[in-house]
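Index from 1, following the sequence.
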Amino acid sequence: MYQKRSILIDKSKAFALRIIKLYKYLCEQKNEYVLSKQILRWGTSIGANIHEAFYAQSTADFISKLSISQKKDGKTLYWLELLHDSSFIDDDAFKSIYDDCKELMKLLTVSIKKSKNLIPKTHEIRYIRKRFGRDHRACPST
């Protein structure tokens, strides 16, 4: 069955594959096993949570999953900075993968903001209930 692809899913998967390659490089070439495990854990979990968000049960669940991805993206940025500052990755490699990680953060932020606009505000729910009654079909449940 054809499923419309999301730029978030595609970019997060490509990013996870880059992280896996970085992990292999750090273990095989630099003999670094502690920081590399952290970057592998956090860098690949971004895409896993984004993918899970597309199977969310509600808009609120979707936002929650993307917010978790956003937090994990922030942790990945931190681990990348540590790897760079401790000279495990050079300037060019750092800039490239760090920029990809920041791009994912921007995409996540925009997606979360747009999705939040889909959820009715409390005052809108109260208005609908007051006007149409609590059991009206147009009234979202809380």
Side-chain angles (χ1 to χ4, degrees), residues 1-132 134 136-142:
M1 172 188 273
Y2 173 76
Q3 180 180 0
K4 185 178 176 184
R5 296 299 300 180
S6 160
I7 191 166
L8 264 177
I9 289 176
D10 293 342
K11 287 192 176 275
S12 63
K13 184 177 181 181
F15 182 75
L17 291 170
R18 287 194 71 189
I19 290 292
I20 292 167
K21 288 178 185 175
L22 175 60
Y23 170 76
K24 287 180 180 178
Y25 166 78
L26 291 169
C27 290
E28 294 170 4
Q29 302 296 317
K30 298 288 188 171
N31 294 321
E32 200 301 306
Y33 303 100
V34 177
L35 296 175
S36 61
K37 266 290 199 219
Q38 293 297 328
I39 197 71
L40 180 67
R41 177 178 292 120
W42 298 112
T44 56
S45 66
I46 298 166
N49 281 286
I50 289 170
H51 191 78
E52 186 178 352
F54 283 85
Y55 295 94
Q57 297 173 340
S58 65
T59 304
D61 189 30
F62 180 78
I63 292 168
S64 176
K65 300 291 188 240
L66 289 186
S67 296
I68 291 168
S69 291
Q70 193 177 41
K71 290 177 187 178
K72 294 183 182 217
D73 194 301
K75 287 182 182 179
T76 303
L77 289 169
Y78 171 76
W79 291 112
L80 286 170
E81 290 170 6
L82 281 180
L83 285 166
H84 178 254
D85 293 348
S86 58
S87 301
F88 281 109
I89 53 177
D90 64 30
D91 293 341
D92 292 336
F94 170 74
K95 181 173 176 10
S96 175
I97 200 163
Y98 193 83
D99 287 348
D100 283 354
C101 196
K102 284 186 354 186
E103 181 185 10
L104 273 176
M105 180 68 82
K106 289 175 186 175
L107 289 170
L108 284 164
T109 301
V110 168
S111 296
I112 291 167
K113 285 181 179 179
K114 285 184 177 183
S115 296
K116 283 182 177 179
N117 289 333
L118 298 176
I119 298 176
K121 309 296 184 252
T122 304
H123 69 278
E124 294 169 341
I125 294 170
R126 286 188 192 129
Y127 171 78
I128 292 169
R129 285 187 176 152
K130 184 177 179 182
R131 179 161 166 116
F132 299 107
R134 186 169 279 283
H136 191 273
R137 296 176 89 204
C139 180
S141 60
T142 55

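Ion pair Lys95/Asp91 not flagged as a salt bridge, since none of the NZ, NE, NH1 or NH2 atoms sits closer than 4.0 Å to an Asp/Glu carboxylate oxygen.
Residues Glu81 and Phe94 are in side-chain contact: their nearest non-hydrogen atoms beyond the backbone lie under 4.5 Å apart. Inter-residue side-chain proximity for Asp61 and Ser58 is flagged as met; some heavy-atom pair is nearer than 4.5 Å. You'll find the side chain of Tyr78 stays beyond 4.5 Å of the side chain of Gln38, heavy atoms only. Put simply, the side chain of Thr44 does not reach to within 4.5 Å of the side chain of Tyr23, judged on heavy atoms. Side-chain contact between Tyr25 and Leu22 is present, with at least one heavy-atom pair separated by less than 4.5 Å.
Counting all heavy atoms, side chain and backbone alike, Asn49 lies closest to Ser69 at CB-OG, 3.0 Å. Between Leu8 and Ser111 the shortest heavy-atom distance is CD1-OG, 3.4 Å. Taking every heavy atom of both residues into account, Ser87 and Lys30 meet most closely at O-NZ, 4.2 Å. Across all their heavy atoms, Ser36 and Cys27 have their closest contact at OG-SG, 3.7 Å.
Between Leu77 atom CG and Leu104 atom CG the span is 9.5 Å, to the nearest 0.5 Å. Separating the OH atom in Tyr98 from the CD1 atom in Ile89 is a distance of 11.0 Å, to the nearest 0.5 Å. In this structure, the separation between NZ on Lys75 and NZ on Lys71 is 8.5 Å, given to the nearest 0.5 Å. Interatomic distance, Ile112 CD1 to Ser67 OG, rounded to the nearest 0.5 Å: 4.0 Å. From Leu82, atom CG reaches atom CG of Leu80 across 9.0 Å, with rounding to the nearest 0.5 Å. Between atom CG of residue Leu108 and atom CD of residue Glu103 there is a gap of 10.5 Å, rounded to the nearest 0.5 Å.
Between the Glu32 side chain and the Leu35 main chain, a donor and an acceptor come within less than 3.5 Å of each other. No donor-acceptor distance shorter than 3.5 angstrom exists from the side chain of Ser96 to the backbone of Ala93, with no hydrogens or angles considered. Ser64 contributes no side-chain N or O that, together with a main-chain N or O of Ala60, makes up a donor-acceptor pair within less than 3.5 Å.
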* Asked: Is there a side chain to side chain contact (heavy atoms under 4.5 Å, CB included) between Leu26 and Phe88 once you walk through the steps?
  -> CA-CA 7 Å; Leu26 291 169; Phe88 281 109; 3.9 Å; yes
* Chi angles and distances behind the side chain to side chain contact (heavy atoms under 4.5 Å, CB included) call for Asp73, Trp42 -> CA-CA 7 Å; Asp73 194 301; Trp42 298 112; over 6 Å; no
* **Candidate pair Ile50 and Leu66, rule side chain to side chain contact (heavy atoms under 4.5 Å, CB included), full reasoning** => CA-CA 6 Å; Ile50 289 170; Leu66 289 186; 4.2 Å; yes
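For Thr109, the side chain to side chain donor-acceptor pair (under 3.5 Å) test picks out Gln70, with sequence neighbours left out.
Ring geometry for Phe54 against Phe62 counts as perpendicular: the plane angle is over 60°, on a 0 to 90° scale with 30° as the lower cut.
Of the listed residues (Lys72, Met105, Lys11, His51), just one forms a side-chain contact (heavy atoms from CB on, under 4.5 Å) with Ile46, and that residue is Lys72.
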